[in-house]
There are 2 protein chains.
Amino acid sequence: MVTRTLTDNQRKVLDFIERYIAIHTVPPKLQEIAEGIGISSRGVAHRYVQALTDAGYVENAGGKHRGIRLLRPNPYRPESTLPLLGRIAAGKPIEAIPGRDEIDLTEFFGSNNFAIQVKGDSMIDAGILDGDTVIIEFRETANDGDIVVALIDESETTLKRFKRSQRGKYIKLIPENAEMEPMVYEAHRIRIQGVLIGQLRKY
Amino acid sequence: MVTRTLTDNQRKVLDFIERYIAIHTVPPKLQEIAEGIGISSRGVAHRYVQALTDAGYVENAGGKHRGIRLLRPNPYRPESTLPLLGRIAAGKPIEAIPGRDEIDLTEFFGSNNFAIQVKGDSMIDAGILDGDTVIIEFRETANDGDIVVALIDESETTLKRFKRSQRGKYIKLIPENAEMEPMVYEAHRIRIQGVLIGQLRKY
DNA sequence: TTATATGAGAACATAATGAGAACTTTCAAG
DNA sequence: CTTGAAAGTTCTCATTATGTTCTCATATAA
């Protein structure tokens with residue numbers, strides 16, 4: 001581990017490996033490295049990896065597919081924040097939010113989360129429109145007032161606001177749509193599959 | 001529980017199992033795993049499950065039908081995507097979306113984008129509520145129908161739907177709220193600061 | 001010239017994968 | 001409880017993909 005200086009192409013390879021891992025979460029194969037820097041020979045790619053190994057930047061599990069490991073922190077962490085400029089209101093310039101200049105979406109990507117596309121208008125008054133994507137956290141329990149993905153009779157799945165009644169004997173699933181009525185079920189007929197933690201829409 | 005690294009196909013299998021459970025609420029059988037990753041041999045599927053067991057991702061009740069249990073979430077998922085399970089509708093199980101199994105948010109993080117928190121109810125009929133965060137792409141021009149951040153008289157900023165009138169001489173800024181009226185300005189008084197490309201909300 | 005960096009690609013070792021037979025166990029129907 | 005089909009398990013035998021090690025060739029700078 002000598003940390004000698006790298007040639008341009010060695011640096012290019014290191015850079016490629018870092019980017020690749022940032023995007024794919026797994027290291028690249030030699031073939032991919034070769035293509036990534038614009039050459040055709042796995043052998044040459046291997047020589048570069050060997051140089052990076054000697055220089056102490058990476059380590060290489062012998063023979064294993066995708067066996068390259070970075071030995072230092074990867075500078076290409078995936079982006080999960082956006083600059084948050086401030087509030088926008090009707091009638092005023094953008095108002096800066098003091099002490100908060102980025103919005104962090106990492107919580108959306110928690111490993112217990114998944115996304116579902118919403119179909120129908122039953123939650124329209126909560127600002128959840130047909131075609132929106134909602135972020136759900138896997139959970140088996142919910143609190144009154146949560147918006148949940150509920151499985152009814154092990155057969156139908158629906159997105160509704162959750163509320164217990166009669167000390168937990170019944171569960172009320174409330175659509176957020178003035179034209180629809182809440183539905184009441186005996187508690188054992190309902191199984192919570194997850195709780196709404198976020199929502200997003202692309203235009 | 002050694003947490004050794006997984007091969008490409010092992011990751012594919014882990015991913016398939018996660019998805020399968022999320023959709024069907026029960027674990028898959030080997031035959032289904034095999035079909036799910038495009039092979040025909042139960043034996044091979046079993047070998048993958050065995051590898052996942054050895055690596056500590058999965059637990060396998062010996063011999064039991066559908067005996068696979070997840071022990072922890074798949075760490076190999078890129079952080080800018082979320083598994084997209086399918087559509088959720090009132091009255092049906094989650095419906096898988098063919099050919100689309102992840103939602104990618106990288107486009108939200110483009111370097112020309114920023115986020116603003118919305119204040120007020122002027123876009124409520126478009127599903128944009130007070131407190132929501134909108135993703136804006138910096139742009140100086142907009143098309144009719146876009147929702148834009150507009151600067152009025154270099155002093156007030158607002159989020160409205162954009163429409164030209166009288167061959168571009170006037171610009172109409174339309175709130176999406178039945179109780180508010182569109183406003184019309186001479187074109188030179190309006191400067192576009194960006195166009196809405198996304199919206200998100202945290203609960 | 002000599003040393004260094006680079007690229008192609010052949011040749012080989014082995015990791016990873018796929019098929020499927022043979023056997024065992026589970027599960028549900030009767 | 002019995003029984004047969006379905007599901008899980010354990011093999012062996014191929015084949016393919018990937019990593020590794022070479023040699024040969026070209027270019028460039030000291």
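Residue numbers start from 1 in every chain, and the chains themselves are labelled A, B, ... in the order their sequence lines are given, proteins ahead of strands.
Across the interface with DNA chain D, nearest-nucleotide mapping of B:Gly43 and A:Gln31 shows B:Gly43 to be the residue nearer the 5′ end. Between A:Val44 and B:Leu30, the residue whose closest nucleotide on DNA chain D is further toward the 5' end is B:Leu30.
For the side-chain contact (heavy atoms from CB on, under 4.5 Å) criterion with A:Tyr48, the lone passing option out of A:Ile33, A:Ile37, A:Thr53 is A:Ile37. B:Asp132 pairs in a side-chain hydrogen bond (donor to acceptor under 3.5 Å, both in side chains) with only one of the listed residues (B:Lys119, B:Gln199, B:Lys202), which is B:Gln199.
With respect to A:Arg11 and A:Asp8, no salt bridge is recorded, no charged nitrogen being found less than 4.0 Å from a carboxylate O. Classification of B:Glu32 and B:Arg66 as a salt-bridged pair holds, one side-chain N sitting under 4.0 Å from a carboxylate O.
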- Query: If the sugar-phosphate is the primed atoms plus P, OP1 and OP2 and the base is the rest, what is the B/S/- string for nucleotides 23-30 of chain D, using protein heavy atoms under 4.0 Å?
  - Reply: --------

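Going from atom CG of A:Asn60 over to atom P of C:dT14 covers 16 Å, rounded to whole Å. The CZ-C1' distance, from B:Arg69 to D:dG8, rounds to 14 Å in whole Å. One can place CD1 of B:Ile39 at 15 Å from C1' of D:dA14, the figure rounded to the nearest angstrom. Rounded to whole Å, atom C1' of C:dT4 lies 11 Å from atom CD of A:Gln10. In this entry the distance linking CZ of B:Arg66 with P of D:dT9 reads 14 Å, nearest Å. Atom pair B:Lys29:NZ and C:dA28:C1' shows a separation of 13 Å (rounding to whole Å applied). In this structure, the CD1 atom of B:Ile68 is 13 Å from the P atom of D:dA7, given to the nearest Å. Look at CD on B:Glu35: it is 15 Å from C1' on C:dG20, rounded to the nearest Å.
Side-chain contact of A:Glu186 with A:Tyr170: a donor-acceptor pair under 3.5 Å is absent, judged by distance alone.
Remark: the B:Ser41 side chain and the C:dG18 base include no donor-acceptor N/O pair separated by less than 3.5 Å.
Residue B:Asn9 places no side-chain N or O under 4.0 Å from the OP1 or OP2 atom of D:dA17. Side-chain nitrogen and oxygen atoms of B:Ser40 include at least one within less than 4.0 Å of the OP1 or OP2 phosphate oxygen of C:dA19. A sub-4.0 Å separation between OP1 or OP2 of C:dA16 and a side-chain N or O of B:Tyr48 is absent. Look at A:Thr7 and you won't find any side-chain N or O under 4.0 angstrom from OP1 or OP2 of C:dT4. Contact annotation: A:His46 side-chain N/O to D:dG19 OP1/OP2 distance is not under 4.0 Å.
Taking 4.5 Å as the limit, every side-chain heavy atom of B:Ile116 sits out of range of all side-chain heavy atoms of B:Thr157. Looking at B:Leu151 and B:Ile190, their side chains never come closer than 4.5 Å, going by heavy atoms from C-beta outward. Using a 4.5 Å heavy-atom threshold, the side chains of B:Ile128 and B:Val134 count as touching.
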Strictly under 3.5 Å: I want the nitrogen or oxygen pairs between protein and nucleotides 2-5 of chain D, one per line.
none

- Message: As a quick check of understanding, evaluate side chain to side chain contact (heavy atoms under 4.5 Å, CB included) for B:Asp146 and B:Leu196, giving each step before the final call.
- Response: CA-CA 7 Å; B:Asp146 286 351; B:Leu196 178 66; over 6 Å; no

- Task: Any chance you could lay out the side chain to side chain contact (heavy atoms under 4.5 Å, CB included) test for A:Met123 and A:Ile147, step after step, and finish with the verdict?
- Result: CA-CA 10 Å; A:Met123 298 301 287; A:Ile147 295 176; 3.8 Å; yes

